[in-house]
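Data block below; observations after.
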Amino acid sequence: MTDLIERFRRYYPENIEKARSIQKKIADKIILETFRGRCRYIGGIDSAYSNNKIISAICVYDITTGDVINSSYSIVECSFPYIPTYLSFREVPAIIEAFINLDRKPDLFLVDGHGICHPRGVGIASHIGVVLDYPTIGVAKSKLVGEFSMPGPKKGEFSTIKLYGEDVGFLYRSRENVKPIFLSPGNKVSLNDIIPIISTCINKYRLPEPIRFADRLAGEIKKELV
DNA sequence: GCGACAG
DNA sequence: ATCTTGTCGC
């Protein structure tokens, strides 16, 4: 816990100018090894905004029952503007606080946004994965960078996303005839791990269940805020 | 210089 | 992300 706070501070810039060098330090810490742990409780992380506040929510989903066994959230004043490729500095403070508020920690996290599919290999899922020292997978709804072709129209079809000539993720058709989602490793998982893991928590919707629940929770908190 | 650009 | 009603389609 004190380690967590320490890592959070070490990787948080004092100003926008230092954000880029911080990202490079985080990138050096990313581990892309095969995930060996249990994969039953999957956490979903998503954020919502209200005025100048960020509401981050976490829901822990049990893939064997389909239930959310625990959840938490935090409300934090925005301390960083939204700048493409620097999204994580805006949301990480609130996410860390929500994580601290979470009683039952999951086996890994699904984060709303990209992982290593990022210009410097440090999307929000990777940033959070390094700060929490946790396995994370990035699940984004739209493109940031990379080259790819569209996957087939059937559920489960996918294509590879390349960046600087290397494979960094997948475009995954999570539901028939629906716009595919962008998947990439965040931290402590390999490229080959992510589709099998994601498929265990996709039901009848485009986004995986843990993220859908987190999205809904953040939205509810936002409503009660007024 | 021009276009692209997670949430 | 957010502002927003109805509406077309499975």
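Hydrogens, waters and symmetry mates play no part in the numbers below; they use all other heavy atoms, side chains included. Labels below follow one simple rule: chain letters A, B, ... track the order of the sequence lines, proteins then strands, and each chain is numbered from 1.
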Rounded to whole Å, the CG-P distance (A:Leu225 to C:dT2) equals 12 Å
How is A:Ile124 classified with respect to the nucleic acid when contacts are heavy atoms under 4.0 Å: base, sugar-phosphate, or nothing? base
Quick check: A:His127 with A:Tyr11 (ring centres under 6.0 Å apart)? no
A:His127 atom NE2 is separated from B:dA6 atom P, nearest whole Å, by 18 Å
Between P on B:dA6 and NZ on A:Lys179, what's the gap in Å once rounded to a whole number? 10 Å
Round to the nearest Å and state the distance from A:Leu87 atom CG to B:dC5 atom P. 15 Å
Would you say A:Glu157's side chain and A:Lys154's backbone share a donor-acceptor pair under 3.5 angstrom? yes
d(CD1, A:Ile95; P, B:dA6) in whole Å: 16 Å
Look at all strands and tell whether A:Asn177 reaches a base, only sugar-phosphate, or nothing, counting heavy atoms closer than 4.0 Å. nothing
Please classify the nucleic acid contact of A:Phe89 as base, sugar-phosphate, or nothing, using heavy-atom distances under 4.0 Å. nothing
Residue A:Lys141, side-chain atoms from C-beta onward, closest of B:dC5, C:dT2, B:dG7: B:dG7
Electrostatic pair A:Glu176:A:Lys155 at N-O distance under 4.0 angstrom: no
Determine whether the aromatic ring centres of A:Phe182 and A:Phe148 lie less than 6.0 Å apart. yes
Using whole Å, what does the distance between atom C1' of nucleotide B:dA6 and atom CD1 of A:Ile137 come to? 17 Å
Starting from P on B:dG7, measure out to CG on A:Asn52 and report it in whole angstrom. 20 Å
Nucleotide B:dG7, atom P - distance to CZ of A:Arg90 in whole Å: 13 Å
Would you please confirm or rule out a distance under 4.0 Å between OP1 or OP2 of B:dA6 and any side-chain N or O of A:Lys143? no
Hey, is A:Tyr82 doing a stacking thing with B:dG7, by the 5.5 Å centroid and 30° angle criteria? yes
Looking across every strand, which nucleic acid part, if any, lies under 4.0 Å from A:Ser50 by heavy atom: base, sugar-phosphate, or nothing? nothing
Looking at A:Glu220 and A:Arg216, is there a salt bridge between them, counting it only when a charged N and a carboxylate O are closer than 4.0 Å? yes
Classify the nucleic acid contact of A:Lys222 as base, sugar-phosphate or nothing, counting any heavy atom under 4.0 Å across all strands shown. sugar-phosphate
